[in-house]
Structures are given as structure tokens and as C-alpha cells.
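By convention in this document, chain letters (A, B, ...) are assigned in the order of the sequence lines, proteins followed by strands, and residues within each chain are numbered from 1. It should be emphasised that the depicted structure is a prediction, and the values quoted were computed from it without experimental measurement.
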Amino acid sequence: MTPKDRIAARAAKELMDGDIVNLGIGLPTQIPQYLPPDVEITLQSENGFLGLGPLDGTPVQNLVNAGGNPCGISPGAAFFDSAMSFALIRGGHIDVTILGGLQVDQHGNLANWKVPGKMVPGMGGAMDLVTGARKVIVVMEHCAKDGSPKILDRCSLPLTALAKVHRIITELAVFDIQDDKLILQEIAPDLSIESLAQKTGATFVISNTLAEMIQGAST
Amino acid sequence: MTKDKSISGHDLKHRFHDGVRILYGGFMGCGTPDKIIHLILDSGAKNLTIIGNDTAFPDTGVGKLIAAGRVQKVIASHIGTNPMTGQMMIDGKLEVELIPQGTLVERIRCGGAGLGGVLTPTGIGTEVEIGKTKISFDDVEYLVERPLRADIAIVLAQHGDRAGNLSYQRAARNFNPIIALAADFVVAEIVELQEDSYLDPDTVMTPGALVDAYITSES
């Protein structure tokens with residue numbers, strides 16, 4: 001399994017049967033394949049429906065996901081307009097959102113929409129999602145490509161939302177964020193606390209229920 | 001008898017002047033009226049301000065207007081799928097204003113619903129709040145977001161009748177019913193026109209009273 005696969009497999013364990021979930025583009029879209037068969041979730045697509053599913057055969061006219069790609073729907077799906085879609089998002093009707101991040105800090109701040117001077121794609125629905133979902137989980141590789149930490153004491157990039165992140169899942173660790181502190185809940189097998197600390201740009205507290213991160217699918 | 005709101009392509013083209021503000025439906029091009037986009041291209045109108053969710057792809061939806069150099073300003077939530085938008089922004093040829101998606105749709109809804117604005121927690125603590133009034137109720141902080149309107153709204157409907165009643169197909173609904181509220185002149189492109197009768201009133205998603213004119217995709 002690649003680091004990204006391990007992150008997706010671990011993140012799948014966060015989802016409970018019956019959850020209404022919005023997944024960001026990229027890595028988060030890999031999460032459903034790791035769900036155990038007895039966990040059934042409903043995916044929201046912010047372009048206007050509940051019941052997003054994988055593409056089943058040939059593309060259907062006017063059926064695309066929030067990335068503009070052909071997709072499918074699951075039984076019981078419902079279409080609606082963008083105002084309804086964001087009423088669901090801001091109104092607390094989405095149980096969990098799982099999305100990628102450029103930086104997250106110990107205060108629960110997330111930066112994932114802009115690198116000034118380099119990348120300005122726009123926030124799309126991310127600011128609303130992070131503000132309105134009942135639980136916000138960030139999944140990302142622990143360090144940037146140049147090895148610099150992405151988990152920090154204070155984000156340096158423009159924020160997506162203030163103090164909204166509940167949990168961070170990387171290939172090396174699982175952190176919760178409580179009262180402006182990072183709490184280490186799980187650590188990858190064979191990784192020392194010291195080497196994790198070296199790769200993390202903020203201090204963290206070790207949970208007294210610290211566990212080893214389970215690798216791979218739960219089946 | 002209800003008046004037939006049909007308009008010819010020739011007459012519609014003359015509605016698009018230099019500098020006009022256009023609200024467009026669609027999400028990554030899905031739900032954008034392609035025939036109307038081509039009429040705008042044919043009209044020669046330039047220095048347009050276009051307001052909608054995203055700028056699709058360079059050869060899709062409003063991406064064609066951007067590629068043709070007709071657009072002066074884009075107001076959208078996301079431009080990441082159209083590299084041309086980003087490049088023209090960097091080169092100073094295009095002004096881009098980015099708005100969180102849920103805020104964008106609510107601002108348009110306010111513009112069409114006679115509301116002076118909306119209070120949203122989205123954007124608090126981010127650069128979105130710069131220059132905006134903040135209000136707190138019950139210890140929650142909100143941004144005051146003002147209404148947004150345009151001169152012309154261009155809508156894509158799957159089904160419609162001569163009275164301008166509209167319904168949408170699958171994920172092509174998105175911003176379409178909302179923008180139909182918020183422009184001085186609302187024109188729909190109808191894919192399947194019900195010529196000899198009217199839509200079942202229970203299936204109408206946008207009442208014909210909001211629609212000033214329609215063309216069909218085929219004619």
C-alpha cells in the first residue's frame with residue numbers, strides 16, 4: 001500500500017453506518033473503497049445531490065460529480081439546487097467532511113485553497129464545508145514534498161476556516177485537536193515518538209490511550 | 001392563454017452589449033446553456049462581467065468566452081479547472097473575484113428575493129472577511145454578505161413550455177433556479193420544449209413568471 005492508500009484506509013474507519021458525508025477531491029475520494037460491507041454511508045456532492053456513487057458503465061447525461069467528472073448515483077439519491085446543497089452543508093446536515101490540506105495547525109485552523117503567487121484555484125465549497133460540517137477530518141501526507149512539516153503551530157498560508165478541524169490523519173499518525181492542542185492518538189508501527197516529533201511542526205500531547213495505527217483495510 | 005416567450009437567436013444576440021453583467025448556470029459546464037454561449041460569442045460583446053460557480057474548462061461552458069477574450073471580470077468560487085482563467089488573471093488581462101460557493105449562491109438568492117443580505121459564518125477568520133461587516137448573535141460571529149444581481153441571467157433547462165416554466169435534469173440544476181431570480185432579463189435555453197401543452201405544475205422548478213424569454217437548443 002502506498003502512503004495515500006494507508007491514509008484512505010485509516011480514514012474509512014471514521015465513518016459510521018448511516019453517516020451523510022462529503023469528501024473533498026483527490027485522496028478523500030479513495031476512502032469509500034475501504035469501507036467494510038456493513039457500513040453504508042450517503043455521499044453528498046456539492047454541485048447538487050445526495051447519493052453520489054461510482055460511474056457505472058457509460059456516462060449519463062448531466063450527471064457529474066463536483067470535479068466535473070461523470071459519476072453514478074446510489075439508490076435513493078436526490079437532486080437539488082446549489083442553495084439547498086449549501087443549506088445542507090452550513091446547516092449541520094452533513095455528519096462528516098473529509099478533505100485534503102496544505103497546512104493544519106494545533107488550533108484547528110486549516111489552509112487548503114491558496115498559495116499566494118503560485119496557486120489560486122479558489123475555495124469552491126471548502127470554506128462552507130469546513131465551517132458547517134459536524135465533524136471535520138483532514139487527510140494528508142505528513143510532510144510536503146520538500147520534507148517540510150504540514151502540521152504546524154500556526155498556519156502560514158491563507159486560512160480556509162478558523163478552528164474547525166477535529167482530527168488529522170496522515171500516513172504516520174492520527175491527531176485530535178482539543179483546546180488548541182494536538183493530541184497524538186495513534187502512531188504508525190515502528191515509528192518512534194521522537195522521529196514523529198521531528199516531522200511535525202508543532203508540539204503535541206500524547207494521549208494516555210495512544211494506539212498503534214492499524215495498517216490496511218479492516219477486512 | 002399565456003404569451004409565448006420565444007425569442008429568436010437574432011433578437012437575443014442584440015441583448016448582449018459590451019460591459020453587460022451576466023449570471024450563468026452550470027457547474028464545470030454541466031448546466032450551462034451552450035447555444036446561448038455561442039450567441040454571446042457571435043454578438044461580439046466584450047468586457048463582460050460573468051458571475052457563476054466556476055469557469056469550467058477552456059473549451060467548455062463559459063470557458064469559451066474567457067478563451068475568446070470577451071470577459072473583463074469573473075465572479076466565481078473556483079477557477080482551478082480552467083488554467084486559462086488563472087493565466088489571464090496573472091497576466092493582468094482578467095479580474096477574478098473569488099467567493100465561497102455557499103456564500104455566492106446565497107448572495108444571488110438575496111439579490112433575487114428582495115433581501116438586503118445574508119449572515120453567514122463562512123469566511124470568518126479568513127481573508128474573505130476583509131472589508132466586511134461582522135455581527136455576533138448568541139456568541140456566533142457572522143459576515144454580512146450583500147446581494148448580487150446581474151443584467152442578464154442565462155439558464156439551461158431540460159424541459160420547458162411556452163410560458164417559460166422550467167425543470168432541470170440531474171446535476172444540471174445547480175445554480176440555474178437561483179440565477180433565474182436575480183437578473184433584469186432572464187433567458188432560458190430549453191432542451192426539450194413542450195410545444196402543445198404546459199409542464200405539469202407539480203414538476204415546475206422555475207415558474208415561468210421569472211423567465212422573460214426562451215430559445216430551444218435545437219432551433
Side-chain angles (χ1 to χ4, degrees), chain A residues 25 45-49 52 59-73 77-91 107-111 113-114 116-132 155 157-164, chain B residues 25-31 53-57 60-61 74 76-83 85-86 89-90 96-106 108-109 113 120-129 141 156 158 168-179 181 191 205-206:
Chain A
I25 50 172
S45 193
E46 65 257 33
N47 52 328
F49 54 107
L52 170 68
V60 173
Q61 178 173 287
N62 290 324
L63 184 52
V64 297
N65 61 22
N69 298 310
C71 64
I73 48 171
F79 292 104
F80 34 78
D81 65 46
S82 297
M84 172 67 90
S85 190
F86 280 83
L88 292 173
I89 287 170
R90 279 186 317 262
H107 311 283
N109 300 325
L110 168 67
W113 73 281
K114 182 177 183 180
K118 279 191 185 161
M119 181 199 85
V120 191
M123 66 292 278
M127 286 191 176
D128 296 284
L129 270 165
V130 178
T131 300
C155 291
L157 292 171
L159 297 185
T160 306
L162 202 60
K164 295 290 184 187
Chain B
F27 197 111
M28 304 293 169
C30 175
N53 183 60
D54 56 77
T55 53
F57 308 96
T60 308
V74 173
S77 80
H78 197 268
I79 59 167
T81 54
N82 188 338
T85 309
M89 178 177 71
I90 290 163
V96 176
E97 183 180 340
L98 292 167
I99 297 176
Q101 199 169 124
T103 300
L104 179 62
V105 73
E106 282 301 322
I108 298 167
R109 205 182 69 81
T120 177
T122 303
I124 287 286
T126 76
E127 58 186 59
V128 168
E129 73 171 33
E141 227 177 353
L156 179 72
Q158 186 66 26
Y168 308 94
Q169 188 181 57
R170 304 189 186 97
R173 194 179 322 180
N174 55 67
F175 277 64
N176 277 302
I178 311 301
I179 66 165
L181 285 163
V191 179
M205 298 177 185
T206 293

Part of B/Ile79 within contact of chain A (heavy atom distance under 4.5 Å): both
Any donor-acceptor pair under 3.5 Å linking the side-chain atoms of B/Gln101 with those of A/Glu46? no
Per-residue tally against chain A (heavy atom, under 4.5 Å) across B/Gly29, B/Ser77, B/Gly80 peaks at B/Ser77
Contacting region of A/Ser82 [heavy-atom separation from chain B under 4.5 Å]: both
Among the listed options A/Gly68, A/Ala111, A/Gly124, A/Gly117, the residue most often paired with chain B at heavy-atom distances under 4.5 Å: A/Gly124
Note: A/Arg90 and B/Thr103 closest approach over all heavy atoms is NH1-N, 4.2 Å
So which of A/Phe49, A/Phe80, A/Trp113 has the largest heavy-atom pair count under 4.5 angstrom toward chain B? A/Phe80
I want to check something: taking the side chain as every heavy atom from C-beta on, are A/Val64 and B/Met28 in contact at a cut-off of under 4.5 Å? no
Give, as side chain, backbone, both or neither, the part of B/Gln169 having an atom under 4.5 angstrom from any heavy atom of chain A. both
Evaluate B/Thr126 against A/Met123 for side-chain contact (heavy atoms from CB on, under 4.5 Å), listing each step before the verdict. CA-CA 11 Å; B/Thr126 76; A/Met123 66 292 278; over 6 Å; no
Which distance, rounded to the nearest 0.5 Å, do you find between the OG1 of B/Thr120 and the CZ of A/Phe86? 10.5 Å
Among B/Asn174, B/Ile178, B/Val105, the residue with the most heavy-atom pairs under 4.5 Å to chain A is B/Asn174
Measure B/Leu104 against the heavy atoms of chain A and call it side chain, backbone, both or neither at under 4.5 Å. neither
Determine whether A/Val120 and B/Val96 make a side-chain contact, defined as any pair of heavy atoms from C-beta on separated by less than 4.5 Å. no
Considering only heavy atoms, which portion of B/Pro121 lies under 4.5 Å from any heavy atom of chain A: side chain, backbone, both, or neither? both
Partner chain B: residue of A/Lys114, A/Met119, A/Met127 with the largest heavy-atom pair count (under 4.5 Å): A/Met127
Scanning both residues in full, the closest heavy-atom pair of B/His78 with A/Gly122 reads CD2-O, 3.6 Å
Against chain B, label A/Ser45 side chain, backbone, both or neither, depending on which of its atoms sit under 4.5 Å from a heavy atom there. neither
Among B/Ile90, B/Ile99, B/Thr85, B/Thr55, which residue has the highest count of heavy-atom pairs closer than 4.5 Å to chain A? B/Ile99
About how many Å separate OG1 of B/Thr122 and CG of A/Asp128, when rounded to the nearest 0.5 Å? 3.5 Å
With only heavy atoms counted, which part of A/Ala66 is less than 4.5 Å from chain B, the side chain, the backbone, both or neither? both
Smallest separation among heavy atoms of A/Asn62 and B/Gly31, with atom names: OD1-N, 4.4 Å
Side chain, backbone, both or neither of B/Phe57 within contact of chain A (heavy atoms, under 4.5 Å): side chain
Where do B/Arg170 and A/Leu63 come nearest, in terms of heavy atoms and distance? CD-CB, 4.1 Å
Ignoring hydrogens, what is the shortest heavy-atom contact between B/Ala171 and A/Asn47? Give both atom names and the distance. CB-ND2, 3.9 Å
Which bit of A/Ala161 is near chain B, if near means a heavy-atom gap under 4.5 Å: side chain, backbone, both or neither? backbone
Write down the atom of A/Leu162, the atom of B/Gly125, and the distance for their closest heavy-atom approach. CD2-CA, 3.7 Å
Straight-line distance of B/Met205 CE to A/Phe79 CZ, nearest 0.5 Å: 10.0 Å
